[in-house]
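Heads up, the thing below is written out as structure tokens.
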Amino acid sequence: GEQVEQRPPHLSVREGDSAVIICTYTDPNSYYFFWYKQEPGAGLQLLMKVFSSTEINEGQGFTVLLNKKDKQLSLNLTAAHPGDSAVYFCAVSEWGGRALIFGTGTTVSVSP
Amino acid sequence: NTKITQSPRYLILGRANKSLECEQHLGHNAMYWYKQSAEKPPELMFLYNLKQLIRNETVPSRFIPECPDSSKLLLHISAVDPEDSAVYFCASRKTGQANERLFFGHGTKLSVL
């Protein structure tokens with residue numbers, strides 16, 4: 001089945017800097033991808049869902065890139081601020097499209 | 001997100017039996033239990049898709065899910081083990097499209113003594 005690796009496991013950046021998280025998946029037929037943010041003691045909040053037909057996706061304060069050739073999905077936090085401090089998970093639709101397989105997570109710490 | 005409620009929020013147990021509860025008010029017809037151990041990603045335990053159970057075969061048999069109706073989900077745990085200490089998240093989604101996002105509850109943190 002699908003396997004998802006995520007790197008780096010930890011990322012410390014200063015406010016205003018950018019931060020990049022990369023996920024690598026194995027199934028070339030994967031079609032739907034998601035980025036979730038998890039703040040301490042909380043559930044997971046969806047940041048963005050990505051379809052394999054769209055390579056560049058822009059959100060508020062971040063950009064998601066999909067590289068189908070290398071089977072990589074990246075999240076680029078632009079101009080990070082302390083409110084971005086959280087654990088970020090990528091996820092790939094699996095189980096026949098009925099559930100998600102999560103990457104290993106990246107803990108992002110943004111200092112003033 | 002208050003539309004998926006889980007209870008209890010915190011649970012501290014010795015070797016006992018207990019049930020976790022979840023209810024969603026989103027009109028979704030697929031519900032999930034995910035387990036998140038410390039510093040790990042959430043891992044799928046069970047999913048009910050239109051009330052049909054699909055289980056992750058690696059989950060120990062002491063975990064028994066129940067879906068009394070499309071808005072409620074229970075997780076019965078018998079004779080908990082220290083390795084069961086984790087946060088258990090309930091999630092739900094609308095079925096029919098693989099691109100439909102999962103909505104997560106706040107989780108139940110289980111600590112096994």
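Residue numbering restarts at 1 for every chain, and letters A, B, ... go by the order of the sequence lines. What's counted below: heavy atoms across the whole structure, side chains too, no hydrogens, waters or symmetry copies. All figures in this text were calculated on a predicted structure; none of them were measured in a lab.
Residues from residues 32-42 of chain B that place a non-hydrogen atom less than 4.5 Å from a non-hydrogen atom of chain A comprise Tyr32(B), Tyr34(B), Gln36(B), Lys40(B), Pro41(B), Pro42(B), given in numerical order. Contacts of residues 74-92 of chain B with chain A at a heavy-atom distance below 4.5 Å involve Phe89(B), listed in sequence order.
Evaluation of the disulfide (SG to SG under 2.5 Å) test over residues 39-89 of chain B, restricted to residues two or more places apart or in two chains, returns none.
Asn29(B) and Thr95(B) are linked by a side-chain donor-acceptor pair at a separation below 3.5 angstrom, with hydrogens and angles left out of the test.
In this structure, Tyr32(A) and Phe51(A) have side chains that are in contact, with non-hydrogen atoms separated by less than 4.5 Å. Contact check for Pro8(B) versus Leu20(B): side-chain heavy atoms found under the 4.5 Å cut-off. Under the 4.5 Å side-chain criterion, counting only non-hydrogen atoms from C-beta, Gln24(B) is in contact with Ile4(B).
In terms of non-hydrogen atom pairs under 4.5 Å with chain B, the most contact-rich of Ala99(A), Gly105(A), Gly103(A) is Ala99(A).
In this structure, Phe103(B) and His28(B) have tilted ring planes: the angle between them lies in the 30° to 60° band.
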Dump the intermediate steps for side-chain contact (heavy atoms from CB on, under 4.5 Å) on Phe62(A) and Met48(A), then the final yes or no.
CA-CA 10 Å; Phe62(A) 60 90; Met48(A) 180 170 279; 3.8 Å; yes

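With rounding to the nearest 0.5 Å, the separation of CG in Leu73(A) from CZ in Phe34(A) is 11.0 Å. In this structure, Leu26(B) CG and Lys94(B) NZ are separated by 10.5 Å, a value rounded to the nearest 0.5 Å.
No part of Gln45(A) comes within reach of chain B, as not one of its non-hydrogen atoms sits under 4.5 angstrom from that chain. For chain B, no part of Phe33(A) is nearby; none of its heavy atoms comes within less than 4.5 Å. Within the 4.5 angstrom heavy-atom criterion, only side-chain atoms of Leu44(B), from C-beta onward, approach chain A.
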Using distance only, find each side-chain donor-acceptor pair of residues 15-30 of chain A under 3.5 Å and give its atom names and separation, not counting sequence neighbours.
unit_1: Thr26(A); atom_1: OG1; unit_2: Glu2(A); atom_2: OE1; d: 2.9
unit_1: Thr26(A); atom_1: OG1; unit_2: Gln3(A); atom_2: N; d: 3.0
unit_1: Asp27(A); atom_1: OD1; unit_2: Asn29(A); atom_2: N; d: 2.8
unit_1: Ser30(A); atom_1: OG; unit_2: Glu2(A); atom_2: OE2; d: 2.3
unit_1: Ser30(A); atom_1: OG; unit_2: Asp27(A); atom_2: O; d: 3.2

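There is no path of hydrophobic side-chain contacts, each under 4.5 Å, that joins Leu53(B) to Ile64(B).
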